[in-house]
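Worksheet for the structure shown next.
Just the heavy atoms: all of them, side chains too, but no hydrogens, waters or symmetry mates, feed the values below. Owing to the predicted nature of the structure, the values given are computational and were not obtained by experimental measurement.
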Amino acid sequence: MPELPEVETIRRELEPYLVGKKFVEVIVCDTKIICPLTAAEFREGLVGQRIKSLKRRGKYLILLLSNSKCLVIHLRMSGVLLLNPPEPQARSRVVFHLSDGSRLVLIDRRRLAVVSILEGEELVESKLGPEPLEPSFTAKELARRLKRRKAPIKAVLLDQKVIAGIGNMYADEALFKARVHPLRPASDLSWQETERLYTAIISTLRSAIEHKGASVDTYLRPGGEAGAAHFNFKVAHCGGKPCPECGTPVQRLAIRNRGSYFCPTCQKC
DNA sequence: CCCGGAACCTGAAGGC
DNA sequence: TGCCTTCAGGTTCCGG
């Protein structure tokens, strides 16, 4: 599942290949993904445009174009972006042909990915809270945002308007690191717990980026390689395994219909 | 505004 | 072997 570290890895690895190249042809194999645009509108919006830069905001990948519009890609659950993959690729949804002869292919098993052409970044911006790895995001800011929320901290961490980019796996890892039970009401966290959670979020995301993302399920880097971040997971997707701190079996709990993994000994309710 | 649940989607996995 | 159900989770929508 591409979360912030996975999208950041994709951005970093695509950037040197894409910047300066032009779109020469765009083939849409599944129009659902570019809805509400038609394949022709989508193609016309891109062909001839040069890619100026690649940005990431939360889990969104943003390609800034020479006409100052943005190609915005959200991979959701199972979207994968591959550079020059061997043909044919099952479940290709969009193929972008570039001016140097290379191809960027969006593959999506579950058809939940979304691609759009936007005038600017405002629409993306309006949906998202702060970037957790920006210096302007502080423990105090996190505390302010958690204060009004009575929902379980796990659910609040998944709210992209509270913090952008955290998904199910990294929420579980950060809560474990901070020793906070996922069902604790967000507003009940002490200042000390909030500070620990703040540190845990940042170190978890940074470490996952260093390991080039977590290849659970379908995630691959643009060259087709897997990431290695999941080898460091202590609780996420580790149901039944012993907690690395105390040996208690990791428990699974459904919170808002999301599998939540935690250590019942290290993370007291 | 806040909360929780359903819907979207398809392939894998497990039960019988 | 095969059919059926359940699970996976990012986002959006809807009702309370």
Query raised in the report: Within the side chain of A/Ser66, is there an N or O that forms a donor-acceptor pair under 3.5 Å with the backbone of A/Gln49?
Result: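 Absent.
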What is the distance, rounded to the nearest whole Å, between atom [atom1] of [X] and atom [atom2] of [N]?
{"X": "A/Arg252", "N": "C/dT6", "atom1": "CZ", "atom2": "P", "result": "14 Å"}
{"X": "A/Tyr219", "N": "C/dG10", "atom1": "OH", "atom2": "C1'", "result": "17 Å"}
{"X": "A/Asn168", "N": "C/dA8", "atom1": "CG", "atom2": "C1'", "result": "9 Å"}
{"X": "A/Leu112", "N": "C/dT12", "atom1": "CG", "atom2": "C1'", "result": "12 Å"}
{"X": "A/Met169", "N": "C/dG9", "atom1": "CE", "atom2": "P", "result": "9 Å"}

**Report entry** A/Arg91 side chain near A/Asp30 side chain, heavy-atom distance below 4.5 Å
**Finding:**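 No, side chains not in contact.
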Requested in this report: Return the 5'-most residue of the pair A/Arg258, A/Val156 with respect to DNA chain B, ranking by each residue's nearest nucleotide.
Outcome: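 Taking each residue's closest nucleotide, the earlier one in sequence belongs to A/Val156.
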Report task. Please tell me which of A/Asn257 and A/Arg148 maps to the more 5' nucleotide of DNA chain B, matching each residue to the nucleotide holding its nearest heavy atom. Result ->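 Final value for this comparison: A/Arg148.
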Query - A/Val124, A/Leu64, A/Leu61 screened by side chain to side chain contact (heavy atoms under 4.5 Å, CB included) with A/Lys55, the one that passes - result: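 Output: one option passes, namely A/Leu64.
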Query raised in the report: Can a donor-acceptor pair under 3.5 Å be found between the side-chain atoms of A/Arg111 and the base atoms of B/dC9?
Result: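 Check fails, no donor-acceptor contact within cut-off.
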For a quick test of reading the model: is some side-chain N or O of [X] closer than 4.0 Å to OP1 or OP2 of [N]?
{"X": "A/His74", "N": "C/dT11", "value": "yes"}
{"X": "A/Arg149", "N": "B/dC1", "value": "no"}
{"X": "A/His237", "N": "C/dG9", "value": "yes"}
{"X": "A/Arg76", "N": "C/dT11", "value": "no"}
{"X": "A/Gln160", "N": "C/dT11", "value": "yes"}

Requested in this report: Have a look at A/Arg56 and tell me which of A/Glu131, A/Glu15, A/Glu13, A/Glu3 forms a salt bridge (charged side-chain N to carboxylate O under 4.0 Å, His left out) with it.
Outcome: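 For A/Arg56, the salt bridge (charged side-chain N to carboxylate O under 4.0 Å, His left out) test succeeds with only one of A/Glu131, A/Glu15, A/Glu13, A/Glu3, which is A/Glu131.
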Report task. Find which nucleotide of DNA chain C each of A/Met1 and A/Lys127 is nearest to by heavy atoms, and output the residue with the more 5' nucleotide. Result ->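 The residue closer to the strand's 5' end, by nearest nucleotide, is A/Met1.
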Query - Verdict with supporting geometry, A/Lys52 and A/Leu65, side chain to side chain contact (heavy atoms under 4.5 Å, CB included) - result: CA-CA 5 Å; A/Lys52 287 202 293 190; A/Leu65 307 175; over 6 Å; no
Report task. For A/Arg109, report the nucleic acid contact type (base, sugar-phosphate, nothing); a contact means any heavy atom under 4.0 Å. Result ->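 A/Arg109: backbone/sugar contact only, no base atoms under 4.0 Å.
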Query raised in the report: How would you label the contact of A/Pro152 with the nucleic acid (heavy atoms, under 4.0 Å): base, sugar-phosphate, or nothing?
Result: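 Sugar-phosphate contact only - A/Pro152 comes under 4.0 Å of backbone atoms but never of a base.
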